[in-house]
Amino acid sequence: MAVSRGSAADRRSELGGTQIEGRHAVRELLLAGRRRVRDLWLADDLDDSPILDDIRELAAEARVTLRRVRRDELEAAALSEAPQGVLAHAAALEPVDLDELAKPVGGRPPFLVCLDGVTDPHNVGAILRTALGAGASGVVLPRHRAAHVTPTVAKAAAGAVEHLPMAVVSGLPSALARLSELGVWIVGLDAGAERSLFDLEVAEAPVALVLGDEGRGMGRLVRARCDVLSAIPLWGPVASLNVSVAAALACYEVARRRQSPGEGSSASDSELMQ
């Protein structure tokens, strides 16, 4: 299944990521070095700090144009709530093909996170950050029913967008059907499911976790494509969890079950990012 039709430029513009704000997100953009950075803006009233030193050094090494601008000018151009005096313009992120996401990575079966109707950029960014930390190998975003990589998403993801392959699909139900054809188990998180997330036997197989929005959950057609529906046990009076919290619990349950013999809770970031 192709991620999208049209030119390569059209596909990149779907995912976004052309304006990156916040110190951690910009430093990771420069560290990753996977796409061209056109320029870097720094507010002229910034105090010295190690992370700002890193950003300046990385920008110099990459020969990125550095602009020192007034704080009010930078904040007027910013699209997130708190850019922290740092803003960069870069080439758009390149989506990957859905079939590529279904392939093993580093000898391990694919572990995907699919978002259905999750439109809050803070939640999407937090999910991307958690997914990368838990060892997810990719994310699937529908073209019309999920936030893509806006400056707020990139800032909340704290650099995860530079490392986590993402596919943009025209419809999530058909994308899930294709993943099933490729041997990926589709696991939907559903508060009303009878099976507990902690009994997820397919976690060590090729798996895709599907998360719906907090209000309506997964769409009917998306739910119908799931092989397994799992719920996060709740013992308190609340009826549900924030979707980014639910994603964290689910991702790390998969990560826990996938630990190789001898691995423990102290696994390094590089191990979890394979």
Side-chain angles (χ1 to χ4, degrees), residues 1-3 95-105 108-120 123-124 126-128 130-132 134-147 164-234 239-258:
M1 173 183 292
V3 173
V96 300
D97 189 83
L98 183 67
D99 286 20
E100 288 297 313
L101 289 188
K103 295 179 180 179
V105 178
R108 294 190 176 189
F111 166 20
L112 308 179
V113 176
C114 307
L115 303 186
D116 180 32
V118 183
T119 57
D120 183 288
N123 282 334
V124 172
I127 291 169
L128 296 178
T130 295
L132 181 66
S137 55
V139 170
V140 180
L141 301 171
R143 184 172 294 132
H144 300 297
R145 296 194 62 244
L164 194 58
M166 290 177 271
V168 179
V169 297
S170 58
L172 194 56
S174 59
L176 296 179
R178 176 58 179 161
L179 289 174
S180 292
E181 291 175 358
L182 296 171
V184 179
W185 283 85
I186 312 300
V187 178
L189 286 189
D190 188 322
E194 295 182 1
R195 183 188 298 266
S196 168
L197 170 68
F198 304 133
D199 297 324
L200 188 60
E201 297 176 354
V202 300
E204 296 175 63
V207 65
L209 292 175
V210 185
L211 297 128
D213 80 317
E214 293 178 48
R216 62 186 294 273
M218 293 179 291
R220 177 179 59 84
L221 294 178
V222 168
R223 182 182 285 103
R225 296 295 187 187
C226 294
D227 300 305
V228 179
L229 293 176
S230 293
I232 296 171
L234 297 173
S240 64
L241 298 173
N242 172 277
V243 66
S244 65
V245 174
L249 290 168
C251 285
Y252 274 94
E253 176 60 14
V254 173
R256 183 187 70 83
R257 286 178 172 268
R258 288 184 170 217

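Positions are given from 1 along the sequence.
- Judged as a salt bridge (charged side-chain N to carboxylate O under 4.0 Å, His left out), not a single pair has a partner in residues 164-173 (not counting sequence neighbours).
- Checking side-chain atoms of S137 against main-chain N and O of F111 turns up a donor-acceptor pair under 3.5 Å.
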Derivation of the side chain to side chain contact (heavy atoms under 4.5 Å, CB included) call for M166 and V96: CA-CA 6 Å; M166 290 177 271; V96 300; 5.9 Å; no
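- Contact of the C114 side chain with the L172 side chain is registered, since non-hydrogen atoms from C-beta on lie closer than 4.5 Å.
- Here the closest heavy-atom approach between residue L98 and residue A175 is recorded as CD2-O, 3.6 Å.
- For the pair L112/L209, no side-chain contact is recorded, criterion being any heavy-atom separation below 4.5 Å from C-beta on.
- Legend: side chain to side chain donor-acceptor pair (under 3.5 Å) pairs involving residues 218-229, not counting sequence neighbours, sorted by first then second residue: D190-R223.
- By the 4.5 Å heavy-atom criterion applied to side chains, L179 and W185 are not counted as neighbours.
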Intermediate values then yes/no, side chain to side chain contact (heavy atoms under 4.5 Å, CB included), D116 and D213: CA-CA 7 Å; D116 180 32; D213 80 317; over 6 Å; no
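- Of all the heavy atoms in E201 and R257, the pair that sits closest is CA-NH1, 4.4 Å.
- Residues N123 and N242 meet the side-chain proximity criterion, which asks for heavy atoms closer than 4.5 Å.
- Considering every non-hydrogen atom in both S170 and R143, the closest pair reads CB-NH1, 3.4 Å.
- Taken to the nearest 0.5 Å, the CD1 atom of I232 stands 5.5 Å off from the CG atom of L189.
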Begin from the C-alpha positions of L128 and T130 and carry the test side chain to side chain contact (heavy atoms under 4.5 Å, CB included) through to its verdict. CA-CA 5 Å; L128 296 178; T130 295; over 6 Å; no
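- Taking the side chain as every heavy atom from C-beta outward, L197 and D199 never approach each other to under 4.5 Å.
- Within the 4.5 Å cutoff, the side chain of R195 has heavy atoms near those of the V228 side chain.
- Between D99 and L182, the closest side-chain pair of non-hydrogen atoms falls below 4.5 Å.
- Between R258 and P109 the shortest side-chain heavy-atom distance falls below 4.5 Å.
- The distance from the CD atom of E194 to the OG atom of S230 is 11.5 Å, given to the nearest 0.5 Å.
- One finds the CD atom of E181 at 11.5 Å from the CG atom of L176 (value rounded to the nearest 0.5 Å).
- When all heavy atoms of S244 and A126 are compared, the closest pair comes out as CB-CB, 3.9 Å.
- Residues A131 and L164 approach most closely at CB-CD2, 4.2 Å, considering heavy atoms.
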Check the pair L141 / V118 against side chain to side chain contact (heavy atoms under 4.5 Å, CB included), numbers first and verdict last. CA-CA 9 Å; L141 301 171; V118 183; over 6 Å; no
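- Residues L115 and P142 share a closest heavy-atom pair of O-CD, 2.9 Å.
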